[in-house]
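Per chain, numbering begins at 1; letters A, B, ... match sequence-line order. As the structure is a computational prediction, the values presented were derived from the model and not from experiment.
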2 protein chains.
Amino acid sequence: MSEAPPASWELFRTLLAVIRTGSLSAAARSLGLTQPTASRHIAELEAALGGGALFTRSPQGLAPTDTARALAPHALAMESAAAALVRAASGAAGEIAGVVRIAASEVIGGEVLPAMLRDLRALHPGLKFEVVLSNQPADLLRRDADIAIRMVRPKQEALVAKKVGDVLLGLFAHPDYLAAHGKPKTVEDLRRHAIIGFDRDPAGVAILRNFGASLTRDVFAYRTDDQVAQLAAVRAGFGIGVCQVALARREPKLTRLFPKEFAFPLETWVTMHQDLRGSARMRAAFDFLADALGAYVRAGR
Amino acid sequence: MSEAPPASWELFRTLLAVIRTGSLSAAARSLGLTQPTASRHIAELEAALGGGALFTRSPQGLAPTDTARALAPHALAMESAAAALVRAASGAAGEIAGVVRIAASEVIGGEVLPAMLRDLRALHPGLKFEVVLSNQPADLLRRDADIAIRMVRPKQEALVAKKVGDVLLGLFAHPDYLAAHGKPKTVEDLRRHAIIGFDRDPAGVAILRNFGASLTRDVFAYRTDDQVAQLAAVRAGFGIGVCQVALARREPKLTRLFPKEFAFPLETWVTMHQDLRGSARMRAAFDFLADALGAYVRAGR
DNA sequence: CTTCACTCATAAGTTTCCGTATATCAGCTC
DNA sequence: GAGCTGATATACGGAAACTTATGAGTGAAG
């Protein structure tokens with residue numbers, strides 16, 4: 001067992017594609033290669049990594065062995081880093097131009113970010129944006145995004161973080177709904193209404209239960225963990241649900257309920273990887289978003 | 001500006017080597033390539049990344065531009081991930097064999113780990129170890145190591161962490177030193193002795209100042225942030241310094257001073273990346289180290 | 001001032017690697 | 001069961017990439 005020569009990084013990329021797609025042919029297609037090339041890459045990699053088989057071949061495709069499965073996260077990390085590298089190179093250093101990849105929750109990303117990015121781009125027309133919408137925000141340390149907007153305090157030291165304030169959550173309903181079903185006068189009244197709430201997300205369910213002890217998951221008439229869907233249900237007049245106050249202010253159609261009793265603060269942070277501090281466009285986007293989100297947060301008070 | 005085809009990952013590896021070495025020739029040597037190949041790789045990369053120059057050529061070598069400098073951390077991340085991938089593949093899945101890379105402080109790594117790893121290897125002869133000694137422990141999230149032993153509570157959720165207890169720090173001196181200079185009777189006495197302490201590390205300086213307010217940095221007769229050097233100075237009979245109690249117990253030559261008054265607990269954690277939970281050998285090493293360090297910690301009480 | 005050691009660039013030769021074409025096997029539809 | 005569509009494996013020719021060889025420039029040492 002002599003020391004094998006280090007495998008070409010290119011092979012890792014093929015490995016990842018094969019694990020993803022489950023076949024040499026599909027992997028080759030996705031990479032712009034041909035099937036024999038992918039086959040050769042895997043064979044080479046198996047040889048370079050000590051000879052153990054990485055896949056079990058079959059006419060249906062390649063099934064990864066346990067070994068190959070263990071390699072997948074590392075190959076993913078390489079891919080994220082490669083993508084981040086290409087983004088970092090997408091604008092000349094010093095100029096505010098190029099690609100910025102932003103991770104945000106679905107509501108922020110879908111309802112709040114677009115207008116902000118429009119204004120940011122008006123300021124710097126050379127900027128391009130990639131937006132990743134997920135409620136489990138992409139890990140900046142994995143370089144899945146350059147800038148993340150998160151609702152929890154970031155814990156990693158390798159990050160630059162700025163708190164923009166507390167996004168206020170309120171209880172809202174469409175006037176049509178209230179006209180048809182009446183306006184609840186007390187918290188207990190809510191139990192008789194069509195409540196729109198979370199399905200499984202424990203943190204989400206807790207928001208309403210903390211408000212009124214009787215507002216448990218089983219009284220919800222509309223359950224979904226997708227906050228965009230919740231918002232849509234409120235707007236459609238289905239019932240009463242949670243919505244960011246600053247967001248609802250923009251649509252005077254929605255009526256806020258129990259404004260004094262129910263006001264759930266959600267601390268909000270803009271975060272960026274330390275490595276990106278030196279990049280002019282990342283800094284510009286970071287500062288702009290921190291400002292704009294600060295204004296958004298203040299609008300909700 | 002058409003969408004460029006994604007650059008080969010192999011080019012990123014060359015990029016990193018060129019940034020590291022500062023010349024195409026040296027980079028090529030380090031990669032087992034030739035200089036024209038490295039040259040072509042960089043040219044290709046410059047073309048693929050939008051045409052901007054990454055280096056300024058000169059007869060002295062290649063100086064990275066700001067753009068290239070911004071890419072370096074991402075290329076480093078790729079390299080770490082690639083190395084972690086190769087390590088992960090170094091043993092058959094399920095078997096307890098292959099390479100485990102461990103990050104630890106200099107003292108733990110130099111004085112405590114060797115015997116533990118000897119015993120672990122006796123249990124599993126197929127294991128090989130890589131030990132990274134640094135007081136700013138390598139970031140597991142960057143995959144610079146598989147397992148880290150740290151003196152602070154890990155904050156990242158992506159890590160598996162286990163607290164093994166508190167390593168106790170005590171004040172020690174060699175009997176020869178005490179015979180020559182007398183044994184200090186009170187804390188104030190210490191000011192007249194040859195104290196071995198930290199140089200710049202604020203956390204280190206604070207350890208002694210918390211003990212006696214008068215034990216500020218300026219009374220240290222031997223200042224170094226290298227804890228191995230501190231230990232060596234204590235062993236050589238230079239003076240009085242801080243040492244892990246469990247470590248000093250092994251050498252009955254060292255005498256502990258103020259055992260009741262000075263006992264500084266340092267919480268100790270063994271940590272591992274979540275991705276590695278499924279690996280038999282990583283788990284085995286993790287569990288073994290947690291046990292062994294637990295025993296070590298208890299020996300210091 | 002010459003020489004040596006180091007750099008990068010370019011041209012030519014050789015190897016390696018990739019793509020095309022073909023054979024084979026499994027499953028699904030008709 | 002024939003035929004279609006998916007898969008992998010293998011053979012072979014050509015293009016791409018790497019190595020070798022050479023030239024030119026810079027800086028330090030003798």
Base versus backbone protein contacts along nucleotides 21-30 of chain C [heavy-atom cut-off under 4.0 Å; B, S, -]: B---BSS---

State plainly whether the residues R20(A) and E79(A) are in salt-bridge range, i.e. N to O under 4.0 Å. yes

To the nearest angstrom, the CZ-C1' distance between F55(A) and dA7(D) comes to 15 Å

Decide, yes or no, whether a salt bridge links R87(B) with D275(B) under the criterion of side-chain N to carboxylate O below 4.0 Å. no

Identify whether any heavy atom of S25(A) sits under 4.0 Å from a base atom; if not, whether one sits that close to sugar-phosphate; answer base, sugar-phosphate or nothing. base

In sequence, state the C-alpha distance, the side-chain angles, and the governing distance for R57(A) and E46(A), and then conclude on salt bridge (charged side-chain N to carboxylate O under 4.0 Å, His left out). CA-CA 13 Å; R57(A) 270 86 166 170; E46(A) 286 175 332; 3.1 Å; yes

Is it true that R101(B) and D144(B) have a side-chain N and a carboxylate O under 4.0 angstrom from each other? no

Could you check whether D199(B) pairs with R217(B) (Lys NZ or Arg NE/NH1/NH2 to Asp/Glu carboxylate O, under 4.0 Å)? yes

Please determine whether a side-chain nitrogen of the Lys or Arg among E10(B) and R13(A) lies less than 4.0 Å from a carboxylate oxygen of the Asp or Glu. no

Output the single nucleotide from dA9(D), dA9(C), dA7(D) whose closest atom is nearest the side chain of R57(A). dA9(D)

Could you pull out the protein-nucleic contacts involving nucleotides 13-18 of chain C (nitrogen or oxygen on both sides, under 3.5 Å)?
unit_1, atom_1, unit_2, atom_2, d
dC18(C), OP1, H41(A), NE2, 3.0

Are S39(A) and dT8(D) close enough that a side-chain N or O sits under 4.0 Å from OP1 or OP2? no

Can you spot which of I42(A), T65(A), L45(A) makes a side-chain contact (heavy atoms from CB on, under 4.5 Å) with F55(A)? I42(A)

E46(A) CD to dT8(D) P: how many Å, rounded? 13 Å

Would you indicate what G22(A) reaches in the nucleic acid, counting non-hydrogen atoms under 4.0 angstrom: base, sugar-phosphate, or nothing? nothing

State plainly whether the residues K162(B) and D287(B) are in salt-bridge range, i.e. N to O under 4.0 Å. no

